[in-house]
Visitor: 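Here it is: the structure, laid out below.
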2 protein chains.
Amino acid sequence: MRASDKAYAALRDDIIEWRLLPGTVLAEVEQSERLGISRTPLREALSRLTAEGLTTTAGGRGVVVTDISLDDIDELFELRETLEGRAAALAAERGDPATFEQLRRELLQAPELIGGQDPALHDYYGLVGRLDAAIDAAISNAYLVQAMRSLRVHLVRVRRLAADDAARLTAAAAEHAAIAEAIAAGNPRLAEAATTLHLHRSLSHVKATHTPQQREHHG
Amino acid sequence: MRASDKAYAALRDDIIEWRLLPGTVLAEVEQSERLGISRTPLREALSRLTAEGLTTTAGGRGVVVTDISLDDIDELFELRETLEGRAAALAAERGDPATFEQLRRELLQAPELIGGQDPALHDYYGLVGRLDAAIDAAISNAYLVQAMRSLRVHLVRVRRLAADDAARLTAAAAEHAAIAEAIAAGNPRLAEAATTLHLHRSLSHVKATHTPQQREHHG
DNA sequence: TGGCTGAGTTCTGTATACATAAGCCTTGTA
DNA sequence: TACAAGGCTTATGTATACAGAACTCAGCCA
């Protein structure tokens with residue numbers, strides 16, 4: 001693995017997991033020493049992070065970790081609804097029904113996983129990830145997939161702020177199952193509607209658990 | 001201006017204007033000497049180009065200019081319709097009617113510009129750009145704007161392949177005027193429909209003028 | 001006492017030298 | 001003559017040294 005890849009992965013993880021808080025200045029010498037590499041590969045890593053929007057160049061004085069405000073979350077979900085709604089519709093038109101029918105069945109059994117310990121929870125998140133991957137594969141549109149992929153980076157960051165309790169995860173699994181069912185049925189409008197519903201509930205949950213007061217705790 | 005910015009702008013322009021054809025290998029020493037800079041800023045420029053999708057790393061053997069196939073054009077316009085349709089709808093909800101009413105009036109007079117020489121044509125393209133900018137400003141969603149911005153890079157590249165004759169430009173101006181009118185009227189569904197119509201006609205025009213045979217002429 | 005100016009420091013931006021790995025060509029052998 | 005193995009060439013990946021710019025802080029002047 002290249003040193004720049006390692007630095008990129010490490011910094012990306014630190015930002016997403018909120019170990020590097022918004023506003024933190026990523027000085028090149030400091031970070032390169034911390035990661036045990038030279039400045040050259042670190043700069044490439046910072047370039048990639050900036051291209052993704054996780055950092056911004058602060059007017060010639062280093063790069064800083066970007067903030068995510070409540071307004072940003074609204075904007076993120078507005079774009080997410082646009083992209084994933086269309087993606088679900090396209091998947092319903094082009095996807096293989098059997099694939100999504102299988103995912104639907106697994107998602108209906110997901111509540112058994114949610115109550116369990118970490119390994120089971122990990123299985124649940126993997127299942128949701130497989131649904132996303134199946135949709136990506138079904139729509140066969142590299143540009144749309146890329147747009148969603150770049151969006152998911154920020155969404156993971158937001159998700160880390162919201163406490164995903166068992167109740168919300170159980171409800172989310174049902175919503176995901178509804179999306180899979182609509183896609184398996186080949187019904188684009190239903191798939192889009194199910195996605196819209198799911199995203200609105202997700203957003204409500206995030207905004208409910210992530211109050212401005214709790215937000216201050218982080219920054 | 002930084003050397004890496006200069007290299008990025010130069011390479012980006014060369015790719016968009018098809019002076020660097022798809023499949024061209026951008027060797028670091030070769031390009032750095034051509035642009036009169038060192039390898040370090042050139043590598044940063046290549047990183048940015050790769051992040052944008054204009055180039056790809058060819059499995060450890062340099063970066064090559066990405067190709068745009070007919071399938072890619074379909075995918076590009078599918079994403080474009082998704083994003084710009086939603087953007088037009090949001091602009092209709094949130095934009096200032098007077099701004100778009102003014103743009104509509106100017107667009108209706110655009111045919112006078114299209115018949116003229118280069119400076120007038122430049123004015124026309126500037127006018128269309130102002131409509132895009134007005135929509136971007138009206139929706140007030142940085143993530144959606146960013147997604148459209150990254151998409152436009154590829155669209156400019158495609159546009160260079162299509163011969164924009166006066167007839168198509170005149171029709172396009174009318175379509176743009178219809179979009180501006182719908183936004184000014186504050187009608188989201190109409191704005192989205194007008195955008196969908198415009199993009200479908202644009203795509204038809206591109207695919208009609210840009211046959212696979214002509215495509216071969218480039219590659 | 002407040003603001004401005006200057007040197008000092010520390011950062012980023014760039015160039016270059018070195019390390020390493022991946023092709024490719026050559027050569028030898030079957 | 002075809003295939004494989006090895007060295008050679010050339011590319012990228014990395015480190016480091018140097019240059020330039022910007023921020024800071026102290027000292028001076030109004």
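Worth knowing before you read on, the calculation uses all heavy atoms, side chains too, and leaves out hydrogens, waters and symmetry mates. To find a chain, count down the sequence lines: A is the first, B the second, and so on, and within it residues start at 1.
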Visitor: In whole angstroms, how far is the C1' atom of D:dA21 from the CG atom of B:Asp5?
Guide: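 It works out to 15 Å between those atoms.
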
Visitor: Just the rounded figure in Å: distance from P of C:dT14 to CZ of B:Arg2.
Guide: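 Rounded to the whole Å, the gap is 6 Å.
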
Visitor: Scan residues 36-45 of chain A against DNA chain D and write down, sorted by residue number, each residue with any heavy atom closer than 4.0 Å; if none is found, say none.
Guide: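 The answer is A:Ile37, A:Ser38, A:Arg39, A:Thr40, A:Pro41.
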
Visitor: Expressed in angstrom and rounded to an integer, what is the separation of B:Leu26 atom CG from D:dA11 atom P?
Guide: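 Distance check: B:Leu26 CG to D:dA11 P gives 13 Å.
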
Visitor: According to side chain to side chain contact (heavy atoms under 4.5 Å, CB included), who are the partners of A:Arg2, at least two apart in sequence or on a separate chain?
Guide: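 Side chain to side chain contact (heavy atoms under 4.5 Å, CB included) check on A:Arg2 returns A:Ser4, A:Asp5, A:Glu44, A:Arg48.
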
Visitor: List for me each residue that meets ring pair (Phe, Tyr, Trp, His ring centres under 6.0 Å) alongside B:Tyr143, sequence neighbours excluded, and say none if there are none.
Guide: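 Once residues adjacent in sequence are excluded, the partners of B:Tyr143 under the ring pair (Phe, Tyr, Trp, His ring centres under 6.0 Å) criterion are A:His154.
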
Visitor: Under a 4.0 Å N-O cut-off, is there an ion pair linking B:Glu30 with B:Arg34?
Guide: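 No, B:Glu30 and B:Arg34 are not salt-bridged.
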
Visitor: By the ring-ring contact (aromatic ring centres under 6.0 Å, His included) test, which pairs, at least two apart or in different chains, include something from residues 65-107 of chain B?
Guide: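 Not a single pair qualifies under ring-ring contact (aromatic ring centres under 6.0 Å, His included).
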
Visitor: Does anything in residues 123-135 of chain A form a side chain to side chain donor-acceptor pair (under 3.5 Å)? List the pairs, not counting sequence neighbours.
Guide: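 Of all non-adjacent pairs touching residues 123-135 of chain A, those that pass side chain to side chain donor-acceptor pair (under 3.5 Å) are A:Glu106-A:Arg130.
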
Visitor: Grab the CD-P distance between B:Glu28 and C:dT14 for me, whole Å please.
Guide: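 After rounding, the gap between these two atoms is 15 Å.
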
Visitor: Can you check the B:Met1 CE to C:dT14 P distance for me, whole Å?
Guide: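 Going from B:Met1 (CE) to C:dT14 (P), I get 11 Å.
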
Visitor: Looking at B:Ser4, does any N or O in its side chain come under 4.0 Å of the phosphate oxygens OP1/OP2 on C:dT14?
Guide: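 Looking at the OP1 and OP2 atoms of C:dT14, one of them is under 4.0 Å from a side-chain N or O of B:Ser4.
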
Visitor: Identify, with sequence neighbours excluded, every residue that meets side chain to side chain donor-acceptor pair (under 3.5 Å) alongside B:Thr82.
Guide: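 Counting only residues at least two positions away or on another chain, B:Thr82 forms a side chain to side chain donor-acceptor pair (under 3.5 Å) with A:Arg86.
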
